[in-house]
2 protein chains.
Amino acid sequence: MTPSPFAVPGIRTTRQRSAVVEALSHADGFRTAQQLHERLRADGVTVGLTTVYRTLQALVDAEQVDMVRADDGEALYRLCAGQHHHHHLVCRGCGRTVEVEGPAVEEWAREVGVRHGYRDIDHVVEIFGTCSTCAGNSGQEGS
Amino acid sequence: MTPSPFAVPGIRTTRQRSAVVEALSHADGFRTAQQLHERLRADGVTVGLTTVYRTLQALVDAEQVDMVRADDGEALYRLCAGQHHHHHLVCRGCGRTVEVEGPAVEEWAREVGVRHGYRDIDHVVEIFGTCSTCAGNSGQEGS
DNA sequence: GTTTGTGCAAATATTTTGCACTTGA
DNA sequence: TCAAGTGCAAAATATTTGCACAAAC
């Protein structure tokens with residue numbers, strides 16, 4: 001049997017893959033492949049960086065993981081809670097991520113696309129900011 | 001005198017910089033630094049790739065140019081028509097880009113950030129779709 | 001047992017930087 | 001003049017790939 005809660009057809013269950021998925025599930029927000037790799041090593045799990053990259057790529061292909069690009073081009077990965085469409089509010093400082101929804105935005109995007117004669121509309125929305133904890137360190141505070 | 005239509009305070013007008021801006025203005029959509037560099041060389045303009053990168057960066061800083069990240073992490077640049085914040089509707093097929101505005105989205109993003117205690121809110125919105133011309137070729141229709 | 005996964009090291013690719021030289025204002 | 005811009009080559013970074021070995025099914 002396959003007791004793994006993350007069984008994905010076509011991807012074999014291995015110690016390393018499970019570890020990557022677990023590290024992802026522990027993460028509060030988006031993480032780079034390198035951060036995940038570091039974290040795993042810190043946890044005493046020996047996994048090659050290559051494997052982390054390959055696993056993440058496989059998971060993205062399997063639509064189990066979301067990938068976005070940071071401003072500097074680095075790939076950020078995150079386990080998708082649900083299959084349904086949502087967006088992210090990401091802290092620039094600590095990377096903490098909040099999933100947000102915006103039905104109005106979805107509709108707006110679709111409407112804009114249609115109005116210009118586009119079809120099969122898709123969109124990407126990411127919100128970046130500095131969370132109160134991180135802002136506090138720089139001298140400014142939120143309420 | 002300074003006949004350049006692209007005079008930006010703090011950035012000196014040079015043959016290379018003008019060429020980069022012109023190449024950008026001829027482009028219909030987003031271009032990578034390397035594409036621009038190639039195009040310039042094809043036009044017989046000798047400009048170093050380094051200079052292209054530095055110029056684009058300067059223009060982004062001066063908010064004359066928009067930068068987004070392609071799916072593979074490459075930076076894509078585009079001359080901004082206006083100075084103010086806007087988003088893009090990009091065709092998957094031909095890359096044709098339409099600048100769109102969404103005051104409601106801006107506000108929504110800021111509001112979401114603030115509600116979660118984030119500050120210095122910024123956001124990225126890109127809409128993708130297939131324009132009517134490209135859709136016609138594939139014969140598919142949504143809905 | 002066979003196929004898929006793993007890990008190291010090396011390869012790629014993009015973007016940045018050091019430094020000496022040129023050029024715009 | 002002289003600070004800012006330029007270009008080459010080398011560096012830095014992120015990600016991918018070849019290949020030999022190990023593990024999963």
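Here is how names work: the chains are called A, B, and so on, in the same order as the sequence lines, proteins then strands, and each is numbered from 1. Because the structure is predicted, anything quoted here is derived from the model rather than measured.
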Open item on the list: So, OP1 or OP2 of D/dT6: does either fall under 4.0 Å of a side-chain N or O from B/Thr14?
Closed with: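 Yes, such a contact exists.
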
Task: Partner set under side-chain hydrogen bond (donor to acceptor under 3.5 Å, both in side chains) for B/Arg115, not counting sequence neighbours - done: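 Per chain and number, B/Arg115 pairs via side-chain hydrogen bond (donor to acceptor under 3.5 Å, both in side chains) with B/Glu111.
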
TODO: Compute the ring centroids of A/His123 and B/His87, then answer whether they are less than 6.0 Å apart.
DONE: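 No, the ring of A/His123 stays outside the 6.0 Å limit from the ring of B/His87, centre to centre.
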
- [ ] Measure from the side chain of B/Gln34, starting at C-beta and using heavy atoms only, and say which of C/dC8, C/dT15, D/dA14 lies closest.
- [x]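 Side chain of B/Gln34 sits closest to C/dT15.
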
Task: Distance-only donor-acceptor test, A/Arg12 side-chain atoms vs C/dT3 base atoms, 3.5 Å - done: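 Side chain to base: pair present.
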
Task: Any A/Arg69 side-chain nitrogen or oxygen under 4.0 Å from OP1 or OP2 of D/dT15 - done: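 So the side chain of A/Arg69 is within the cut-off, an N or O lying under 4.0 Å from OP1 or OP2 of D/dT15.
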
- [ ] Could you check which of C/dT15, D/dT15, D/dC25 has an atom nearest any side-chain atom of B/Ala75?
- [x]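 Of all the options, the side chain of B/Ala75 is nearest to C/dT15.
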
Show the atom names and distances, to 0.1 Å, of all donor-acceptor pairs under 3.5 Å that link a side chain in residues 37-51 of chain A to residues at least two apart or in another chain.
from	atom 1	to	atom 2	distance (Å)
A/His37	NE2	A/Val47	O	2.8
A/His37	NE2	A/Leu49	N	3.4

- [ ] Tell me whether the OP1 or OP2 atom of D/dT16 has a side-chain N or O from A/Gln57 closer than 4.0 Å.
- [x]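 Yes.
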
Open item on the list: Between the base of C/dG24 and the side chain of B/Arg15, is one N or O donor paired with an acceptor at under 3.5 angstrom?
Closed with: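 There is none.
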
Task: Whole-Å distance separating the CG atom of B/Leu49 from the P atom of D/dC8 - done: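 Whole-Å distance recorded here is 10 Å.
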
Task: Side chain to side chain, B/Arg31 and B/Tyr77, heavy atoms closer than 4.5 Å - done: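 Side-chain contact under 4.5 Å: no.
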
Open item on the list: Strictly below 4.0 Å: does B/Tyr53 bring a side-chain N or O up to OP1 or OP2 of C/dT16?
Closed with: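 For C/dT16, OP1/OP2 do not have a side-chain N/O of B/Tyr53 under 4.0 Å.
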
Open item on the list: Looking at A/Gln16, I'd like to know whether one of its side-chain N or O atoms comes within less than 4.0 Å of OP1 or OP2 on C/dG7.
Closed with: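 It does, given that an N or O in the side chain of A/Gln16 lies less than 4.0 Å from OP1 or OP2 of C/dG7.
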
